[in-house]
Amino acid sequence: MMISGGGGRSSWSSSTSSWVPTTSVSASGKRIQREMVELNNDPPPDSSAGPKGDNLYHWIATIIGTPGTPYQGGIFFLDIKFPSDYPFKPPQVVFKTRIYHCNVDPDGLVSMGILKDDWSPALTITKVLLAVRSILTNPDPYNAVVPGIAHLYLGDRAKHDDIAAEWTVRFAK
């Protein structure tokens, strides 16, 4: 029997197997592989990332807390999940290590413009890691997902930094 799929392609199939469109998956897979090579050849400072096991669409990343911030010396682990239509949709980035930060929700989900409406297919996972590292130095309290932390950051920076440093010692060392 003839089964028709996306993109005007057709494939003959028996009743025991089915046709699965692989064009977008293979295109995104090739893009992820290319980014992995670029990341390994020129890794961002104090960061690393790569596939979890043999799943190209699920990565584990590590970011070392930036010196001079309340996160210094912390080792933060993140999960990165690529959608099947990557790079047209952004990856999901989640801190697995607890962190006291106004742009990271209680479940660890990172909230940044480039991971939502400001995403562009021109961005890469290296740029995402640099942006995540950047919010450790410069949080965005005006686009916070944890308003209480943002309020403290704006109102009493020293107390905010003390709590963030305590969390770093407790959870990231």
Side-chain angles (χ1 to χ4, degrees), residues 31-83 86-87 89-173:
R31 165 70 181 257
I32 294 167
Q33 286 175 327
R34 187 170 69 243
E35 288 189 31
M36 184 172 56
V37 169
E38 290 169 6
L39 181 72
N40 287 333
N41 288 341
D42 188 19
D46 298 323
S47 306
S48 65
K52 180 178 183 179
D54 60 357
N55 185 349
L56 196 57
Y57 290 84
H58 186 185
W59 285 23
I60 301 294
T62 305
I63 294 179
I64 306 298
T66 309
T69 71
Y71 310 104
Q72 78 178 12
I75 301 170
F76 298 92
F77 295 96
L78 300 91
D79 257 358
I80 300 172
K81 292 185 180 169
F82 295 92
Y86 182 81
K89 298 282 187 220
Q92 180 188 58
V93 180
V94 177
F95 272 86
K96 300 311 279 181
T97 305
R98 289 187 67 188
I99 185 168
Y100 187 82
H101 198 286
C102 66
N103 302 117
V104 180
D105 78 12
D107 294 324
L109 186 64
V110 177
S111 178
M112 297 186 319
I114 69 163
L115 295 177
K116 297 188 286 190
D117 298 335
D118 295 338
W119 175 255
S120 161
L123 293 170
T124 64
I125 200 60
T126 297
K127 290 175 183 163
V128 168
L129 288 171
L130 287 168
V132 170
R133 204 166 163 268
S134 173
I135 65 166
L136 295 183
T137 306
N138 301 303
D140 183 3
Y142 300 104
N143 292 300
V145 289
V146 187
I149 296 175
H151 182 72
L152 186 60
Y153 179 83
L154 293 169
D156 188 346
R157 177 74 181 269
K159 185 173 182 181
H160 166 276
D161 287 357
D162 286 345
I163 295 170
E166 286 174 24
W167 278 47
T168 299
V169 168
R170 186 182 308 161
F171 301 113
K173 289 194 176 187

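Please read all numbers here as calculations on a predicted model, not as lab measurements. Numbers here are sequence positions counted from 1. Just the heavy atoms: all of them, side chains too, but no hydrogens, waters or symmetry mates, feed the values below.
- Of all heavy-atom pairs spanning Leu152 and Lys159, the tightest one is CD1-CD, 4.0 Å.
- The number of heavy-atom neighbours closer than 6.0 Å to NE2 of His151, taken from other residues, nucleotides and ligands shown, is 12 or below.
- For Arg31 against Pro121, the heavy-atom pair with the smallest separation is NH2-O, 2.7 Å.
- Ring geometry for Tyr71 against His101 counts as tilted: the plane angle lies between 30° and 60°, on a 0 to 90° scale.
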After noting the C-alpha distance and the side-chain angles of Asp42 and Thr126, does the key distance pass the side chain to side chain contact (heavy atoms under 4.5 Å, CB included) rule?
CA-CA 9 Å; Asp42 188 19; Thr126 297; over 6 Å; no

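- The two residues Ala49 and Ala61 have their closest heavy-atom pair at CB-CB, 3.8 Å.
- Here the shortest heavy-atom pairing between His160 and Tyr100 reads CD2-CE2, 3.7 Å.
- Rounded to the nearest 0.5 angstrom, Asn143 CG and Cys102 SG are separated by 9.0 Å.
- Put simply, the side chain of Asn40 gets close to the backbone of Met36: a donor and an acceptor are under 3.5 Å apart.
- Side chain of Thr137 to backbone of Ile135: no donor-acceptor contact under 3.5 angstrom is found.
- Although no hydrogens or angles enter the test, the distance criterion places no donor-acceptor pair under 3.5 Å between the side chain of Gln92 and the main chain of Lys81.
- Panel note: side chain Ser111, backbone Asn103; no donor-acceptor pair is recorded below 3.5 Å.
- The closest side-chain donor-acceptor pair between Thr168 and Lys173, if any, does not fall under 3.5 angstrom.
- Exactly one of Ile63, Val94, Thr62 qualifies for a side-chain contact (heavy atoms from CB on, under 4.5 Å) with Leu78. That residue is Ile63.
- Between the Arg98 side chain and the Arg170 main chain, no donor and acceptor come within less than 3.5 Å of each other.
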Decide side chain to side chain contact (heavy atoms under 4.5 Å, CB included) for Ile99 and Trp167; before the verdict, give the C-alpha distance in whole Å, the side-chain angles of both, and the deciding distance to 0.1 Å.
CA-CA 6 Å; Ile99 185 168; Trp167 278 47; 5.7 Å; no

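- Counting heavy-atom neighbours within 6.0 Å of Asn55 CG, excluding the residue itself, gives a total above 12.
- Relative ring orientation between Tyr86 and Trp119 is described as tilted, the plane-to-plane angle lying within the 30° to 60° band.
- In this structure, the separation between CE on Met112 and NZ on Lys116 is 9.5 Å, given to the nearest 0.5 Å.
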